[in-house]
Visitor: 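Please find one structure pasted underneath; my questions will follow.
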Amino acid sequence: MAGGGNVVATWLNTWGFPPWLNSLLTGIIYLVGVLAFIFLNVIYLIYLERKVSAYMQQRLGPNRVGPRGLLQSVADALKLLGKEDIVPRHVDKWVFLVAPIAIFIPAVLLYAVIPFGRGLIAADLNIGVLYFLAVSSTTTIAILMGGWAANNKYALLGAMRAVAQMVSYEIPLVFSILGVVMLVGSLKTTDIVAAQEDVWFIFWQPVAFLIFFIAANAEVNRGPFDLVEGEQEIIAGPYVEYTAMRYALFFLSEYANLVSVSALAVTLFLGGWQGPWLPSWLWFIIKLYIMILLFMWVRWTFPRIRIDHLLKLNWKFLLPLSLVNILVTGVGIKVYQWLSPGRW
Amino acid sequence: MEGGASVAIFWLLAALTVGAAVAVVMLPNIVHSALYLVLTFIGVAGIYILLEAEFLAAVQVLIYAGGVAVLLIFGVMLTRRGHIRQSNPFNSYHVAAGVVSLALFILVVLALGRSPWHAFPGPWPEDTVGAVAEAFLGPYVLPFEVAAVLLLVGIVGAILLAREEKGEK
């Protein structure tokens, strides 16, 4: 599973364990590492989001718990853990109980193909990017499960919106990634990073990056595309009947998906962990947070758009544009090959 | 992967797939049936991974498991009558259903028996995606394009059906 040049696998090899124990330990270390990464990032991201939104609206944001409010999210998480897990009487019980878990599993699985640094990847799959898309597509079902099982009109409305939005924005998302895949000729995330040693793909594929950014915003249900939750219209949609840790799991997955989609953007368009002087993982984190701040900037700048405008934007603008991008990329590659024989 | 482990995983996946498939048919609530259908598709994707067909597995999850969400929406929207707990009832065509199922079963068994099974000598190809692409755009380009046209016809038909005609209402 762990590819050649994998940092953790190489380090474990020095201990002289049998191979099966080695691969098991590698898996466990990566799983624990990814879980720790998710939890730490989410706790901090909630604080960051509240601070960013506060500064954009000329407020102070959380500033009471700990120095500069740094412990606010920790306090919130502890509070959520201690709350009663209420299961309303009218819900579809098993679906209601399973939905938060069903949304968290793909959120964790996505991190398997993210190259965090040189040789720091849990599973360097041949189909890396496609794996990411396939696993992330199952999130829709989990949201639909939550919204359906709650047996609440607002929740069901939110779930319907989730399906309409996420299924349709998946198409330009996939098509925008295709341009990059065509340039590299591989779906492996490590190959894509390696191909960006000289020039980042955002310069070759600026349109694709724009489409990817908009579609990703819709896929993770963040403003201005947060119609699934729409606090003012459908009071948090699918999550309305959830309490305590089950609610927290939805929240956690939402932010975990924000991080993973930013990580994918960094991998595809911003050169992954490539960069001078600093260690590779630090470059990755810096670029990751630039992407996340970009998402936050957009969320707190644009107002929420209406559902028909949302779908129109997708089918009548993003989809044709992404198809044109694929065509231009294909022609460009052929022209490049024709101009410089023997290089490809 | 070692032989023993992969055999064990195969049986687990097979049990998951078949068990979930039985649940799809037996459960009275159509939403639960559709959700078990997701499990069936994921089980099949797991078997594809065991066969080193990673690309096929990812497509299986992306298209089928992801598509179930849309199926669910239709299931919810088209079963307005009665209570949702009885939305996937049994009908009374026991004999006809039995005959059709038996015929299909025999057909599948015959096809399996007649298929010349070639044991693939290995080594496994590193890059299955490129091979699939070359097969699609090389020897099988005609069926591939026909399938594409068929899908297009389906989409156009769906739009025509869904669109209200002018003057109506």
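Below, chain A is the first sequence line, B the second, and so on; all start at residue 1.
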Visitor: By a 4.5 Å heavy-atom criterion (distance strictly below it), what part of A/Leu187 contacts chain B: side chain, backbone, both, or neither?
Guide: side chain
Visitor: What are the two closest non-hydrogen atoms of A/Ala134 and B/Leu62, and how far apart are they?
Guide: CA-CD1, 3.7 Å
Visitor: Quick one: of B/Val38, B/Leu35, B/Ile42, B/Val59, who has the most non-hydrogen atom pairs under 4.5 Å with chain A?
Guide: B/Leu35
Visitor: Is A/Tyr154 atom OH crowded by more than 12 heavy atoms from other residues, nucleotides or ligands, each under 6.0 Å away?
Guide: no
Visitor: Just how far is it from atom CD1 of A/Ile127 to atom CD1 of B/Ile49, taken to the nearest 0.5 Å?
Guide: 7.0 Å
Visitor: Would the number of heavy atoms belonging to other residues, nucleotides or ligands and lying under 6.0 Å from OH of B/Tyr36 be above 12?
Guide: no
Visitor: Under the criterion side-chain contact (heavy atoms from CB on, under 4.5 Å), I'd like the reasoning laid out for B/Val31 against A/Met145: C-alpha separation, chi angles, the key distance, then a yes or no.
Guide: CA-CA 9 Å; B/Val31 175; A/Met145 280 169 75; over 6 Å; no
Visitor: Distance from A/Leu125 atom CG to B/Phe55 atom CZ, nearest 0.5 Å?
Guide: 14.0 Å
Visitor: A/Thr138 versus B/Val61: any side-chain heavy-atom pair under 4.5 Å?
Guide: yes
Visitor: Take A/Leu130 and B/Glu54, measure what side-chain contact (heavy atoms from CB on, under 4.5 Å) needs, and give me the verdict at the end.
Guide: CA-CA 10 Å; A/Leu130 189 66; B/Glu54 294 169 329; over 6 Å; no
